Amino acid sequence: MSSTANYFVLPDLFSSSTAFHDATNPHWKRASAESRRWVNSYAVFADRRRAFFFQGQSELLSSHTYPYAGYEEFRTCCDLINLLFVIDELSDEQCYGDARMTGDIFLHVMRDPSWSDGSKLAQMTGDFRARLVTTIKPKTFRRFFENCEAYIESVVQEAGLRDRGQVLGLEEYVKLRRENSAVRVCFGMISYILGIDLPDELFADPNFQSLYFNAVDMVCWANDLYSYNMELNSGLEGNNFITVLMKTQNMDIQAACDYVGRHYKKLMDDFVSAKASLRSFGPEVDADAKRYIEACQHWPIGNLVWSFETPRYFGARRDQILRTRVVPLKPLEREPLKEDA
């Protein structure tokens, strides 16, 4: 396909994902409405941008990726993903310095709930933290906060790259994307939901790290593939695997998409292999690790399904694109934006 192509064909990631099974959370409609009212109460965005934000239905993503969560834990997850989308929407339009200030507000409150600069972001973060700490275990919170720090640092780095118009090489971008995608922050909620506190020994195990990062990477690579046209239309395509492959590996857009499909299958195969090779850590840890790994599996498949259930990435043509896998390279045909009640 030439560099002037006006469409590209998505690889079939669903056919590579048959080892995982999608599900939805039975509490999602109630929790979605409550979490949405919570975000709306802070009026972070102007009307039209707010409508686009809610059109993405981030709570539905939570439903697909945390289908096993009880109501209270699920509502907290909805609030987190909404909060992360708020940070993402804000930082996408900010320079390096402003993104640093936004990120520091989030981290200050997560570190010290008594801290506040009076901003809406500080208040939202405080609300989320208060819900989280009621039941989260000590090691789980430590890891969660460390992931939050890495996430913010990578978001700030992304803003600096955007300021300079710089595209990273593939190896560097893989490391950045694992963090600025916030997927590791979201994985940090799994132990909280399950009420477990896994030992550091497990997280340091090579096979566990392999399956963990393969699951994280599946979400990241799929998200960049599916969001590419939206980001291209928004001028934000620099932070995307498709752009990285085109710029640094001398690929056209179709070759880059095909590469993503092959790599996604390899990630899946490596996940399954690492899972089968994981050693025993004793009966109690093994039982908790099994639950954690099963919960991780909901993220890659849930992300795929959600991406075609909302108009965020493919607009009004999402059903057609799901059937044909052909994505026109032109402005998205947006569904009419509706004000959220």
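These numbers come from a predicted model, not from an experiment.
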Between Arg162 and Glu231, does at least one N-O distance fall below 4.0 Å, as a salt bridge requires?
no
Under 3.5 Å donor-acceptor, Ser154 side chain and Ala150 backbone
yes
Thr243 (side chain) donor-acceptor with Glu237 (main chain) under 3.5 angstrom
yes
Take Lys29 and Glu34, measure what salt bridge (Lys or Arg N to Asp or Glu O under 4.0 Å) needs, and give me the verdict at the end.
CA-CA 9 Å; Lys29 288 188 177 179; Glu34 293 184 2; over 6 Å; no
Quick one: sort the Phe106 and Tyr151 rings into parallel, tilted or perpendicular, breaks at 30° and 60°.
perpendicular
Indicate yes or no for a side-chain donor-acceptor contact from Asn240 to the backbone of Asp224 under 3.5 Å, with no hydrogens or angles considered.
yes
Is there a donor-acceptor pair under 3.5 Å between the side chain of Thr248 and the backbone N or O of Val244?
yes
Going through the distances and angles, do Arg100 and Glu158 end up as a salt bridge (Lys or Arg N to Asp or Glu O under 4.0 Å)?
CA-CA 11 Å; Arg100 171 69 69 188; Glu158 178 189 345; over 6 Å; no
Are Phe20 and Phe271 close enough that their ring centers fall under 6.0 Å?
yes
Check: Trp306 ring centroid to His64 ring centroid under 6.0 Å
no
Hey, does the Lys NZ or Arg CZ of Arg111 hover above the aromatic six-ring of Phe145, less than 6.0 Å from the centre and inside 45° of the axis?
no
For residues 194-203, pull every pair meeting salt bridge (Lys or Arg N to Asp or Glu O under 4.0 Å), keeping only residues two or more places apart or in separate chains.
Lys139-Asp197, Arg142-Asp200, Arg143-Asp200, Glu201-Arg279
Do Arg323 and Asp319 pass the salt bridge (Lys or Arg N to Asp or Glu O under 4.0 Å) test, and can you show the C-alpha distance, the side-chain angles, and the key distance before you say yes or no?
CA-CA 6 Å; Arg323 289 193 307 272; Asp319 291 337; 5.7 Å; no
With a 3.5 Å cut-off and no angle check, do the side chains of Asp127 and Tyr42 form a donor-acceptor pair?
yes
Can you confirm whether the side chains of Thr76 and Tyr192 place a donor and an acceptor under 3.5 Å from each other?
yes
Applying side-chain contact (heavy atoms from CB on, under 4.5 Å) between Arg291 and each of Asp286, Ile196, Leu198, report the one that passes.
Ile196
Ring-ring centroid check Trp28 Tyr66, cutoff 6.0 Å:
no
Return each pair, listed once, that meets ring-ring contact (aromatic ring centres under 6.0 Å, His included) where at least one residue sits in residues 223-252; pairs must be two or more places apart or across chains.
Tyr173-Phe241, Trp221-Phe241, Tyr226-Phe308, Tyr226-Phe314
Determine whether the side chains of Ser210 and Asn214 contain a donor N or O and an acceptor N or O closer than 3.5 Å.
yes
Decide, yes or no, whether a salt bridge links Arg262 with Asp258 under the criterion of side-chain N to carboxylate O below 4.0 Å.
no
Give a yes or no on whether the backbone of Lys175 and the side-chain of Arg178 come within a donor-acceptor separation of less than 3.5 Å.
no
Check whether Leu329 and Leu245 end up in the same hydrophobic cluster, where Ile, Leu, Val, Met, Phe, Trp and Tyr are linked by side-chain heavy atoms less than 4.5 Å apart.
yes
Do side-chain atoms of Thr140 reach the backbone of Ile136 as a donor and acceptor pair under 3.5 angstrom?
no
Are Leu84 and Met101 joined in one hydrophobic group, where the rule is that I, L, V, M, F, W and Y side chains link up if heavy atoms are under 4.5 Å apart?
no
Could you tell me whether Lys266 and Asp270 have a side-chain N and a carboxylate O separated by less than 4.0 Å?
yes
